[in-house]
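All heavy atoms count here, side chains included; hydrogens, waters and symmetry mates do not.
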Amino acid sequence: MRLRRSSPAPALPVRSLRPALIAGGMLALVAGWSPAQAAPAVDDAGAKALAASLKKDLPRWFPPPAEDGEGIGFEWQGEPTVKPAGDHYDIALPRLSAEDAEGTLFDIGTILLAVTPKDDSQYGVSITLPSAMKVQNLDDNDEYVDAATITIGKQSFTSTWSGALETLLTVDGAFNDLAVTAAGGKGKVSIATMTMVQDLKPETGAGGATLWSGPAAFAFGGLSVQDDKNKELFKIGGVTSEATYSRVDLTKVSALQKLSEQTAAKGVAPTSSELLPKLQGMFGGISGAMRLSNLSFVNPEDGTTVALGHLAFRSGLTDLDQAMSTVSMGIEARDFAMTPSPAPVAFTPRAFEMKLSVAKLPNSALWKAFTELAKSAEAEEAPPAKKGAKAKAAAPASPSADVVMQQAMAAMGEAGTELRIDALNLDTPATAGTATGAVKVATQAAFGVTGGATVLLRGIDAAVKAMQPAPGAKPDKETQDLLAGLAMVQALGQAGKDDTGADTRTYKIDITEAGQLLLNGADMTALLAGGSEPAPAPAPAEKPKKK
């Protein structure tokens, strides 16, 4: 029987469809069947118990369609089979299909598992997905028609699952020759390789709590997108996503997951008083990076081509379980080319780097502010009490959002919180520029911050000179406008030379406590305010006349 959007079923939490979800759900089912400590024997009795647990819990983890037709609904056809096989169980799950709200049907098929019980409520789990999965859409007659086929070549997925924590501790997965091919061969997305790894290790935290730290990574290579004429429109040489987790409290993560399940089953959202205690102190830090290489794109309509050799994003949260934390982010790109170019080639960026951070964040004060704002927003969204309802005891009034923000700013001022430009670099064939600096929160300052930055530009003078028209020639409007802009930038900078003897322009920007914005010592406040003159000073009070 195939799914219909109108099929009657209770509203249950709906999760997005992805292989990782399938893996996580299967492993959680195994966890529900797990013993406390020692690894149990693999026998017929264990197989029978595991099969019964799977039959009961599969619909809970992969629920049928909701009554409102939203999200993705799952359908299991048949019952799971579990057989002892030496030191592990061989499991064949019932045939699985899923349908989204738009009527797209994923005929997934039969998923195979091998589960090996280990000590300390841990399990070795390997998962094998079907090598081919069909995708169908509803046509105008509300009948399913083939839309695409998902195929997987060689695959391997092994992991270690903690039944006590309901979390994957290690992952080692590799998939080759993945493809999504449109019906009739009219279009294709292919990935040559895809890998995923994770390795979390325990460490002792405060109060003897067990925390977990370690790396995780996901990567794919050889992504290609072809149109309905099998012409390649888009390709990426490789994408790598990496993360490092520091001092994660998996007990709190598990409690948060259970709270989500419980509230979703009731059709409500968790309250701030339920949610926030589980979020606080969940992890000490996390850093991540995503790198993309050798991207190319062709616009089939006008033939525009875009190429990018390297693109990287980085972000991090550190020391969230300490008195002060740091938030950082960055982006890096190089080897950019576009044909036709939207800007003069000499000024088209070929390399760009930016690294920003916010340091010395007072964790306790900011968490308190976040809690107060969440409670205030929740109170505003609460429905009014019904007539005749018994009055509840009034909750203590929460401070206003303005007061909360003032308190947070005061705490950041006391901590010396800084917004830092750790690096800002831009390189073009004609010019190059760098910038560094920082501003510090200062509640007594006119702008609320003090500090500044230094910008150094190279090549501006040479570029202006090279762009000057020949004697008697008149530059076109584009060149004329560019020269005017560069001349203004030139005039505002302080001339100098770098270590190689090349001409430079320096721009030292300062924000003073009194509210001045200085550029190389000159007050630019009035200019940035639109050229208006500062307000005249009040006239001195007239002295009383002597009688």
Practice problem: Apply side chain to side chain contact (heavy atoms under 4.5 Å, CB included) to the pair Val125 and Phe157, showing each step before the final yes or no. | Solution: CA-CA 8 Å; Val125 180; Phe157 185 95; over 6 Å; no
Self-check item: Chi angles and distances behind the side chain to side chain contact (heavy atoms under 4.5 Å, CB included) call for Val171, Val197
Solution: CA-CA 5 Å; Val171 170; Val197 295; 5.9 Å; no
Taking atom [atom1] of [X] and atom [atom2] of [Y], what is their separation to the nearest 0.5 Å?
| X | Y | atom1 | atom2 | answer |
| --- | --- | --- | --- | --- |
| Leu424 | Ile331 | CG | CD1 | 11.5 Å |
| Ile152 | Asp177 | CD1 | CG | 11.0 Å |
| Leu112 | Leu93 | CG | CG | 8.0 Å |
| Ser272 | Leu373 | OG | CG | 11.0 Å |
| Glu203 | Thr210 | CD | OG1 | 10.0 Å |
| Ile421 | Leu356 | CD1 | CG | 6.5 Å |

Between the side chain of [X] and the main-chain N/O of [Y], is any donor-acceptor distance below 3.5 Å?
| X | Y | value |
| --- | --- | --- |
| Thr263 | Leu259 | yes |
| Asp139 | Asn141 | yes |
| Thr170 | Thr160 | yes |
| Thr417 | Lys360 | yes |
| Tyr89 | Asp43 | yes |

Self-check item: Test log, rule side chain to side chain contact (heavy atoms under 4.5 Å, CB included), inputs Thr149 and Val180
Solution: CA-CA 6 Å; Thr149 301; Val180 180; over 6 Å; no
Looking at [X] and [Y], what are the two nearest heavy atoms and their distance?
| X | Y | result |
| --- | --- | --- |
| Val42 | His88 | CG1-O, 3.4 Å |
| Val239 | Met290 | CG1-CG, 4.2 Å |
| Ile108 | Pro130 | O-CG, 2.9 Å |
| Ala216 | Gln198 | CB-OE1, 3.8 Å |
| Ala365 | Ala411 | CB-CB, 3.4 Å |
| Asn137 | Ala147 | ND2-CB, 3.4 Å |

Quiz item: Is a salt bridge present between Glu332 and Arg291, judged by a nitrogen-to-oxygen distance below 4.0 Å?
Solution: no
Quiz item: Using 4.0 Å as the upper bound for N to carboxylate O, is an ion pair formed by Lys118 and Asp120?
Solution: no
Quiz prompt | Pairs touching residues 354-376 that satisfy ring pair (Phe, Tyr, Trp, His ring centres under 6.0 Å), sequence neighbours left out | solution = Trp367-Phe370
Quiz item: Between Trp76 and Phe62, how do the two ring planes meet: parallel, tilted or perpendicular, split at 30° and 60°?
Solution: perpendicular
Quiz prompt | For Ala182, side chain to side chain contact (heavy atoms under 4.5 Å, CB included) partners two or more places apart | solution = none
Quiz item: Who are the salt bridge (charged side-chain N to carboxylate O under 4.0 Å, His left out) partners of Asp319, not counting sequence neighbours?
Solution: Arg247
Practice problem: Identify the residue among Lys56, Lys55, Arg95 that makes a salt bridge (Lys or Arg N to Asp or Glu O under 4.0 Å) with Glu79. | Solution: Lys55
Exercise. Decide if atom NZ of Lys252 counts as having more than 12 heavy atoms of other residues, nucleotides or ligands within a radius under 6.0 Å.
Key: yes
